[in-house]
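Below is one structure; the comments refer to it alone.
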Amino acid sequence: MLVTTDYTEKKTVLIATVIKNQNQVLEEISELNSLAKTLGAIVIKEFLQNLKSKTPNTFIGKGKMEEIKTFILVNNITLVIFNDNLSPSQFKNIEKTLTSEVVDRTKVILDIFSKRAKTSYAKAQMKLAQYKYALSKLPKLWTHLEKQRGGIGFRGPGESEIETDRRNIQTSIKKLKTKMQLIDNQMNTQRQHRKNIIRISLVGYTNVGKSTIMNLLSKAKVSTVENQLFSTVDTTVRKIKIKKQIFLLSDTVGFINNLPTQLIDSFKSTLSEIKESDLLIHVIDITKNSFIKDIKYVENLLLEIGIKKNLIIKVFNKIDRCSELNTKKSRINKIINKKSLKNLLFISALQKQTIKLLKQKIYALTKSIHRNIHRNIHRNIHRNKICLKTNER
Ligand SMILES: Nc1nc2c(ncn2[C@@H]2O[C@H](COP(=O)(O)OP(=O)(O)OP(=O)(O)O)[C@@H](O)[C@H]2O)c(=O)[nH]1
Ligand SMILES: [Mg+2]
């Protein structure tokens, strides 16, 4: 059941439906194209269908379905990826009609994450997300799952077997949660030890340059892959020094539109790294047409997971590739509230000198936190001395 779909060199078509916002879907399908390519699929064609409402059985209309079916047969397509999330019965019906393997956007994202996870903790988080996904598709996804099974320990179809499957997945989820709780506790203790150091997290949409900035600020070697989505799945924490002050900098997993809820759930503790940070560096790829939408999406997602920070630097990255910088700057001035304007930076992570500006900004914004931390440390030392003296008497 946790077998990932093999995308390598598979001739693939993408399908997206438009009910309201065509531009939004166009961006999503281009993102889906990158996601599929990241997994090695060869995308042959994108199908877009305007709909007044979704057809419950097959999701898209009959005529379009026939057109896609013919295209699949003529071009030997073996994989179909839907931009929308499909219900178990839709999966079943569409696969039957198209006689091809069908996956949805959530599955693709989960498969990329599981491929990228390196640490055992990230792997456990991924497994948890995949179990939850499998559980949500289970009842009617029998044939679909069966095709992928091949000796995973589940036997033939039928209601009772499906029930066994469900119980097996639920048991695995329980075990994983217990395992992760133990690691969570250790990580919490580690975080407590770092209390006296200012913590900074790089956050933002995927592929905006977070890891590149991390590497520049910390001389770390977090892998940054040429234009691939979700290079980073594991959180990396590095010490950095600015004017003799020590900071802890975390590089975190990138966000994407319609991030699967299963992923958000299982990445909660990774995200608590962000929650406990004193300062967030929200990185934005200014070359993207949708950069304003990306900002809002990231801000909303942060709010959704309970992260409300006053100290945020918005770093508009990749200015070396941005052709309409001034026009974009005036768009930004209009949407950003006046108070936050001083916390904006325009940089190129490929030009070392602009990183200096970022360092200056980090230092200036966290000065008062440093002062408080030092005051607390001195107060504690003083308190301990008094305690010691009292005990000596
Ligand atoms: N032209 C240009 N490219 C950049 C800049 N910063 C990063 N890149 C490129 O953008 C791509 C993505 O960079 P990453 O640092 O991996 O982005 P990320 O935000 O960590 O991505 P995820 O880990 O996938 O969320 C890489 O190919 C980088 O070389 C920049 O300032 N200018
Ligand atoms: Mg990264």
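Each ligand, and each atom within it, is numbered from 1 in the order the structure gives. Both backbone and side-chain heavy atoms feed into the values below; hydrogens, waters and symmetry mates do not. The first residue of the sequence shown is numbered 1, and numbering continues consecutively from there.
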Test of understanding: clusters of I, L, V, M, F, W, Y form through side-chain heavy atoms closer than 4.5 Å, transitively. Do L303 and I284 belong to the same one?
no
Does one hydrophobic cluster hold both I355 and V283, with members joined at side-chain heavy-atom distances below 4.5 Å?
yes
Nearest heavy atom to atom 10 (O) of ligand 1 wins, so pick from K318, R116, Q351, R321.
K318
Out of I112, L202, T212, the nearest non-hydrogen contact to atom 15 (O) of ligand 1 is supplied by T212
Sort out for me which residue in I286, L202, I281 forms a side-chain contact (heavy atoms from CB on, under 4.5 Å) with V315.
I281
Applying side-chain contact (heavy atoms from CB on, under 4.5 Å) to L357 and not counting sequence neighbours gives L345, Q360
Which word best sums up how the rings of F316 and F346 line up, parallel for under 30°, tilted for 30 to 60°, or perpendicular for over 60°?
parallel
Test of understanding: with side chain to side chain donor-acceptor pair (under 3.5 Å), list the residues that count as partners of T8, not counting sequence neighbours.
D6
Taking only heavy atoms of G254 into account, list the atoms of ligand 1 that are under 4.0 Å away from them.
25 (O)
Can you name the atoms of ligand 1, numbered from 1 with element, that are less than 4.0 Å from a heavy atom of T206?
22 (P), 24 (O), 25 (O)
Contact (N/O only, under 3.5 Å) between D251 and ligand 1:
no
Say whether A349, considering both its backbone and side-chain N or O atoms, lies within less than 3.5 Å of an N or O atom on ligand 1.
yes
N/O/S atom of S211 under 2.8 Å from the Mg ion (ligand 2), yes or no?
yes
Would you kindly check if the NZ (Lys) or CZ (Arg) of K45 is within the cone defined by 45 degrees around the ring axis of F71 and under 6.0 Å from the six-membered ring centre?
yes
Between the side chains of Q186 and Y121, does any donor sit under 3.5 Å from an acceptor?
no
Taking 4.0 angstrom as the limit and counting only heavy atoms of S348, give me the atoms of ligand 1 inside it, by number and element.
31 (O)
What are the atoms of ligand 1, with element, lying closer than 4.0 Å to any heavy atom of D320?
1 (N), 2 (C), 30 (C), 31 (O), 32 (N)
Report yes if V208 has an N/O atom closer than 3.5 Å to an N/O atom of ligand 1; otherwise report no.
yes
So for ligand 1, is V253 a polar contact partner (N or O within less than 3.5 Å, distance only)?
no
